[in-house]
Amino acid sequence: MLKEIQLFVNSHEIIFKVLFVLIIGIIVTVRTVYDFKVRERQESPSKRSVLIVNIIFGILSIVFIPPLMNFVTSDHTSEKKVKEIERLYDDVIDMCQNEEFDEAQYIWKKLLDEEPENARYRNGYANTLYELEDFNASAEQAKEAVRIEADNANYQNMAGVIYFQLADYETAKRYFISAMELEPDTAKYIQNIALTFNKEERYKEACEYFEKALQVLEKGSVKDPNKELKIIFNYGIALDGVSKYEEALVEFEKVYEQNNDYLNVLQWIDMEKARLKVIENPDDPDAINKFGVCLYDLKMYDEAYEQFENAIVIDPKNANFYYNACYTKYSMKEYEEAIDYINKSIELMPEAKYYINIKKMVKSEQELEYDPKDKELLIKAGRANYIVELYNRAKTIFSKGRELYPDSDEFKNYLDLLKRQEEYNSDQKLEIAEKLADIQYELELYENAAELYQILVRNNENNPSYHNDLGCAYYSMEEYKDAYVCFMRAVELETEDKEALKSYKENARLAKEYL
């Protein structure tokens with residue numbers, strides 16, 4: 001009970017002091033009036049002396065009683081503020097752990113208003129801004145944390161990480177080196193120095209630091225497999241950079257043995273093996289092409305394009321090499337060159353519909369780049385990407401269209417199509433195939449619909465409805481002979497539904513007119 005009263009008094013301190021002064025004033029006034037009345041009836045000292053005595057009493061009460069109150073209530077303002085700051089700090093740490101960074105940034109600001117020279121708060125704020133991808137503001141806070149507490153290796157490293165993200169590798173490296181000098185047995189700081197050298201393509205220096213980091217890690221009493229894998233993986237990249245391909249392959253295989261899902265290590269392994277095969281067989285166009293594909297998978301587009309060009313020089317009649325060169329140029333957004341290459345593929349294989357569809361896709365992307373908000377171009381590009389099974393790109397385009405044109409049902413329908421496509425890709429169930437094919441047909445994606453109806457027909461040979469659906473897809477593609485065959489098969493199989501039979505016969509008649 002006493003503690004509750006104490007907390008109440010503390011929380012309403014100003015009000016209590018004002019009331020106290022008023023009460024003392026009232027007491028002094030009443031006492032003075034009373035003394036004047038008494039002294040009117042009795043002979044006594046002058047009124048002035050009485051007034052002076054009462055005023056002195058009031059002043060002494062105001063001066064000495066508040067400190068007494070403070071003593072009684074003990075835990076006062078400064079301690080209360082400390083507790084409030086500690087509570088805020090605990091709250092903001094919980095927020096960061098729960099990834100509530102938007103809310104956390106405001107708490108950090110409050111804490112820094114109270115203690116602007118607190119390095120821990122500056123570093124915490126820098127971390128939060130980093131997670132919010134406000135890297136410039138994060139860098140400012142990290143710099144301040146280092147200025148306030150320069151001998152903290154963690155703060156130095158955090159500043160380095162932020163400048164690394166800003167691609168200011170020289171500044172990042174200075175902070176990482178400072179962190180390493182403060183804690184020379186911490187592999188993470190040494191590794192970060194090596195990573196900056198990798199980014200600067202100074203692979204020889206990177207190798208030296210990766211080796212040093214591995215030595216430090218080996219000496220440590222506590223093993224951290226994840227840290228070790230990261231160092232080995234990036235060491236492999238550095239070895240590749242200094243043309244030590246066999247040694248790089250060894251490092252990548254070490255990573256793969258411990259964790260075969262680690263980043264894109266398998267792609268690096270495939271690439272190094274393909275490179276070594278090209279070194280052994282420099283005139284083998286297929287080996288060169290495969291090496292190019294591996295480089296492309298690692299998004300090394302310039303290097304990949306060079307290999308496809310080399311393969312074309314050796315075998316200029318291979319349509320696939322031109323297609324690969326086209327796709328690489330497309331990924332580099334060099335659309336005119338991409339179209340030139342795919343035209344070569346079409347010349348060599350004019351019956352290959354896939355190459356024709358790729359050309360349409362590249363052209364649609366080129367047009368969209370000139371006017372990225374045009375509704376018709378968005379639909380055209382999304383459909384073109386869907387047809388060549390670039391579903392993620394199609395989803396990106398249709399989602400953008402949905403944002404730009406929220407009242408249009410078209411983009412919603414295409415996104416529903418992609419959702420159904422994803423379901424079918426994961427389950428391969430016939431009932432999903434039927435629904436997907438129907439949606440494709442409604443959206444006039446007839447070739448895609450025909451492929452699925454063919455699957456349904458193969459699995460349900462005696463179902464007249466599927467034969468009719470396949471016939472409708474062929475008819476819409478103007479492949480009337482195939483359509484007629486499908487409609488007639490539906491007529492043969494239909495023995496129960498007279499209305500359906502009548503419809504199938506009419507479809508067959510229409511198809512026959514075009515034969």
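Just the heavy atoms: all of them, side chains too, but no hydrogens, waters or symmetry mates, feed the values below.
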Tightest non-hydrogen contact, residues Gln156 and Ala150, listed as NE2-O, 3.0 Å
When every non-hydrogen atom of Val362 is compared with those of Cys326, the smallest separation belongs to CG2-SG, 4.4 Å
Is [X] atom [atom1] crowded by more than 12 heavy atoms from other residues, nucleotides or ligands, each under 6.0 Å away?
| X | atom1 | value |
| --- | --- | --- |
| Glu103 | CD | yes |
| Lys299 | NZ | no |
| Tyr106 | OH | no |
| Glu461 | CD | yes |
| Lys329 | NZ | yes |

side-chain contact (heavy atoms from CB on, under 4.5 Å) filter on Asn152, not counting sequence neighbours, yields Glu149, Asn154, Tyr155
The side chain to side chain contact (heavy atoms under 4.5 Å, CB included) partner of Leu195 among Phe176, Phe210, Tyr209 is Phe210
Discussion item. Taking the six-membered ring for Trp, are Tyr305 and Phe308 closer than 6.0 Å centroid to centroid?
Written reply: no
Original post:
So, do Tyr130 and Phe135 have ring centers that fall under 6.0 Å from each other?
Top reply: yes
Hits for salt bridge (charged side-chain N to carboxylate O under 4.0 Å, His left out) against Lys395, two or more places apart or cross-chain, chain-then-number order -> none
Between [Y] and [X], does any NZ, NE, NH1 or NH2 come within less than 4.0 Å of an OD or OE carboxylate oxygen?
| X | Y | answer |
| --- | --- | --- |
| Glu84 | Arg87 | yes |
| Lys254 | Glu257 | no |
| Glu434 | Lys429 | no |
| Glu280 | Lys277 | no |
| Lys109 | Asp113 | no |
| Glu86 | Lys83 | no |

Do [X] and [Y] make a side-chain contact, defined as non-hydrogen atoms from C-beta onward lying under 4.5 Å apart?
| X | Y | value |
| --- | --- | --- |
| Ile85 | Tyr121 | yes |
| Arg383 | Tyr386 | no |
| Tyr355 | Glu347 | no |

Exercise for review: Could you please spell out the steps behind the side chain to side chain donor-acceptor pair (under 3.5 Å) verdict for Gln421 and Asn425?
Suggested key: CA-CA 6 Å; Gln421 183 73 53; Asn425 290 345; 3.1 Å; yes
Note to self: For the residue pair Lys173 and Phe197, would you count it as a cation-pi contact if the rule is NZ or CZ under 6.0 angstrom from the ring centre and within 45 degrees of the ring axis?
What the structure shows: yes
Would you say the side-chain atoms of Asn324 and Gln307 include a donor-acceptor pair closer than 3.5 Å?
no
